[in-house]
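Start at 1 and go down the list; that is how both ligands and their atoms are numbered.
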Amino acid sequence: MKKEVKILEDCMKVAEHENLIWVCDGAANVGQVGQAIGVLLSNLDKGRMCCTVAVAAGSKRHLEIAEKAKKNIVINGCANRCASKVLENAGKKINYEIIISKYLQKVPTLDIYMGDAKKIAQIIIEEAKL
Ligand code: SF4
């Protein structure tokens, strides 16, 4: 059976009333679990994943989106906190941040278990009050 495609609202249009989710998308299990959580939370309408790399690249539009966001929710794979540093360097507020490697050992693999993503997504929903 074909899965229906979920079309997300435009980040800029919804930012003021939306939890914007910024993931590091790092190339290790913890980064990929963080990315999967961003997708999960967006599909659950708990927030809207936005382009972290675009903020790092200085995209005016994305800097504005991060500025307008109701809440900036930042998901880092490990203690390097790359996604948080992207927002901090751009001078944007961080309302909540998590480091996935506190809950899951960092391993150099891109294979992840959705069970890990679901479990940590639940922690974020509770801690960040999404
Ligand atoms: S926070 Fe860790 S996992 Fe994420 S991009 Fe940085 S080094 Fe990679």
Side-chain angles (χ1 to χ4, degrees):
M1 204 166 48
K2 202 174 168 209
K3 200 177 154 231
E4 237 183 79
V5 172
K6 180 180 171 74
I7 305 296
L8 301 174
E9 297 282 352
D10 182 278
C11 282
M12 183 67 95
K13 280 193 194 148
V14 298
E16 269 172 298
H17 314 285
E18 185 62 284
N19 303 313
L20 270 287
I21 300 166
W22 310 92
V23 306
C24 74
D25 196 18
N29 65 330
V30 288
Q32 293 304 299
V33 164
Q35 199 271 348
I37 292 171
V39 173
L40 208 58
L41 294 176
S42 300
N43 285 337
L44 288 171
D45 292 322
K46 295 291 183 186
R48 165 70 155 94
M49 196 160 91
C50 199
C51 305
T52 312
V53 174
V55 175
S59 160
K60 265 185 138 182
R61 175 182 162 80
H62 293 83
L63 288 166
E64 204 180 318
I65 290 166
E67 186 66 34
K68 283 171 66 174
K70 182 176 110 184
K71 278 187 190 174
N72 283 319
I73 307 296
V74 187
I75 302 177
N76 299 290
C78 73
N80 277 330
R81 297 177 61 252
C82 297
S84 289
K85 284 174 186 166
V86 166
L87 272 107
E88 284 167 0
N89 291 342
K92 305 304 172 194
K93 67 175 188 280
I94 294 174
N95 301 90
Y96 173 85
E97 73 168 27
I98 190 167
I99 294 171
I100 303 292
S101 62
K102 283 188 180 169
Y103 303 89
L104 186 69
Q105 192 189 344
K106 186 177 184 182
V107 179
T109 177
L110 301 177
D111 291 336
I112 62 164
Y113 297 101
M114 276 313 286
D116 290 331
K118 284 181 186 165
K119 207 164 64 187
I120 299 169
Q122 199 51 47
I123 293 170
I124 296 173
I125 289 170
E126 282 164 27
E127 288 187 349
K129 298 181 174 56
L130 302 183

Test your reading of the model: is there a side-chain donor-acceptor pair from N29 to the backbone of I112, 3.5 Å cut-off? no

Is there an N/O/S atom in C24 at a distance below 2.8 Å from atom 6 (Fe) of ligand 1? no

Measure the NZ-CG distance between K119 and L104 for me, rounded to the nearest 0.5 Å. 8.0 Å

Over 12 non-hydrogen atoms of neighbours within 6.0 angstrom of CD in E9: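 It does not: E9 CD has 12 such atoms or fewer within range.
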
So does K60 have more than 12 non-hydrogen atoms from other groups sitting under 6.0 Å from NZ? no

pair R81-I99: side-chain heavy atoms closer than 4.5 Å: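 Yes, at least one pair of side-chain atoms sits under 4.5 Å.
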
What's the shortest distance from [atom] to any protein heavy atom, and which residue and atom give it?
{"atom": "atom 8 (Fe) of ligand 1", "value": "G26 CA, 3.8 Å"}
{"atom": "atom 1 (S) of ligand 1", "value": "C82 N, 3.4 Å"}
{"atom": "atom 7 (S) of ligand 1", "value": "N80 ND2, 3.3 Å"}

Is the distance from atom 2 (Fe) of ligand 1 to some N, O or S atom of C78 under 2.8 Å?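 Checking C78: at least one N, O or S atom is under 2.8 Å.
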
Just which atoms of ligand 1 are under 4.0 Å from any heavy atom in R81?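 Within the 4.0 Å cut-off of R81, ligand 1 contributes 1 (S).
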
